[in-house]
Amino acid sequence: MLPLVLTLLLPWVSAYIPERTEEKIIGGQTCVPHSQPWQAAQFVLKNFHCGVFLVSNQWALTAAHCNHWNLRVVLGKHNIYQEEPFQQSIRVKCRVTHPKYSSRNLKNDLMLLYLENLGNLTPQVGPIQLAEACATPRTACQVSGWGTISSPFVKYPSNLQCAEVSILSMAKCNKSLPLYGITPGVMCAGTERGGKDACPGDSGGPLVCNGTLQGIVSWGMERCGLARYHGVYTNLCLYRTWILKEMQKQKKQ
């Protein structure tokens, strides 16, 4: 029997179906400090908002559902609550949400952020390369973020968390979340036994496979890390052309 939700239901979801929500890291461990130099944090005023990551010295990527008019990106973060010697805080000059993004079903859930100033590239701050080809099922990947480390009761960490997950086939992805209608442009990642997952607070963060960027944390279940329900990620190999085209547009302006 499917578990009951613990928070308000989306309008079109039955009371016996777990609610889908933004993502968080479950079953991971504290990352080696600055081992993910592309990882950054989005803030609205002084409040942590979402994950984000660098794809060049002036462009970052995140989930479209993390959109806000007053975003600031902080590079070189490890401890989310402390001022750190390597961090760089840069305001977002321009937000480019995918033109076909849907807030209803989180289809095309990606957004480019053009930073007001160039990031200073250092050993602690650097971009990650977009994957040229889609990852195959069972590919080992790593997801990172500052989302809650327990579920359903939240406990937010101070330091960046990393977890190892694997890509699922689309057949398994659809089977694990049949009631939500997996849309084109996403992929699922997790473990067969559960216990490792992204969860609320990790939205907008990177899924890295074989040293290249494959996905953005998009959505998952209210209860994270369940064996039968896997995290859903925007499948960036399918958006590579759009991303590069939009970045090139800004250069010409």
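Because only heavy atoms are used, hydrogens play no part in the values below, and waters and symmetry mates are left out as well, while side chains stay in.
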Smallest separation among heavy atoms of [X] and [Y], with atom names:
X	Y	value
Trp242	Pro99	NE1-CD, 3.6 Å
Ser144	Cys162	CB-SG, 4.0 Å
Ile80	Pro157	CG2-O, 4.0 Å
Ser158	Tyr81	OG-CD1, 3.6 Å
Gly204	Thr62	CA-OG1, 3.4 Å
Pro37	Pro123	CB-O, 3.9 Å

Is a donor from one side chain sitting under 3.5 angstrom from an acceptor on the other, for [X] and [Y]?
X	Y	result
Ser166	Arg138	no
Gln142	Gln36	yes
Asp109	Ser218	yes
Arg91	Asn117	no
Thr30	Gln161	yes
Asn67	Tyr101	no

Does the side chain of [X] reach to within under 4.5 Å of the side chain of [Y], using non-hydrogen atoms?
X	Y	result
Phe53	Gln39	no
Glu132	Gln129	yes
Leu207	Met187	yes
Lys77	Phe86	no
Val92	Val73	yes
Tyr233	Cys188	no

Is there a donor-acceptor contact under 3.5 Å from the side chain of [X] to the main chain of [Y]?
X	Y	value
Arg72	Leu45	yes
Asn57	Gly119	no
Gln88	Asn120	yes
Glu84	His78	yes
Asn235	Leu238	no
His49	Cys66	yes
Thr148	Lys155	yes
Thr234	Leu236	no

same_hphob_cluster([X], [Y]) at 4.5 Å side-chain heavy-atom cutoff:
X	Y	answer
Leu160	Val125	no
Ile243	Val208	yes
Phe48	Val74	yes
Tyr239	Val96	yes
Leu115	Val44	yes

Let me know which of Val232, Ile216, Leu106 forms a side chain to side chain contact (heavy atoms under 4.5 Å, CB included) with Val186.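 Answer to the side chain to side chain contact (heavy atoms under 4.5 Å, CB included) test with Val186 among Val232, Ile216, Leu106: Val232.
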
Starting at [atom1] of [X], measure out to [atom2] of [Y] and round the result to the nearest 0.5 Å.
X	Y	atom1	atom2	answer
His230	Leu168	NE2	CG	4.5 Å
Ser103	His65	OG	NE2	11.0 Å
Leu54	Leu61	CG	CG	10.0 Å
Thr97	Leu112	OG1	CG	9.0 Å
Gln82	Asn159	CD	CG	8.0 Å
Ile90	Leu75	CD1	CG	4.5 Å

Could you walk me through whether Tyr156 and Trp146 pass the ring pair (Phe, Tyr, Trp, His ring centres under 6.0 Å) test, one step at a time? CA-CA 7 Å; Tyr156 291 101; Trp146 288 277; over 10 Å; no

Any chance CG of Asn70 has more than 12 other-residue heavy atoms, nucleotides or ligands included, within less than 6.0 Å?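 Atom CG in Asn70 is crowded, with more than 12 foreign heavy atoms closer than 6.0 Å.
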
Strictly by disulfide (SG to SG under 2.5 Å), give each pair with a member in residues 114-152 just once, sequence neighbours left out.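 Only Cys134-Cys237, Cys141-Cys209 qualify under disulfide (SG to SG under 2.5 Å).
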
Using the six-membered ring wherever Trp is involved, compare the ring planes of Trp59 and Tyr114 and label them parallel, tilted or perpendicular (cut-offs 30° and 60°).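 Rings of Trp59 and Tyr114: tilted, as their planes differ by 30° to 60°.
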
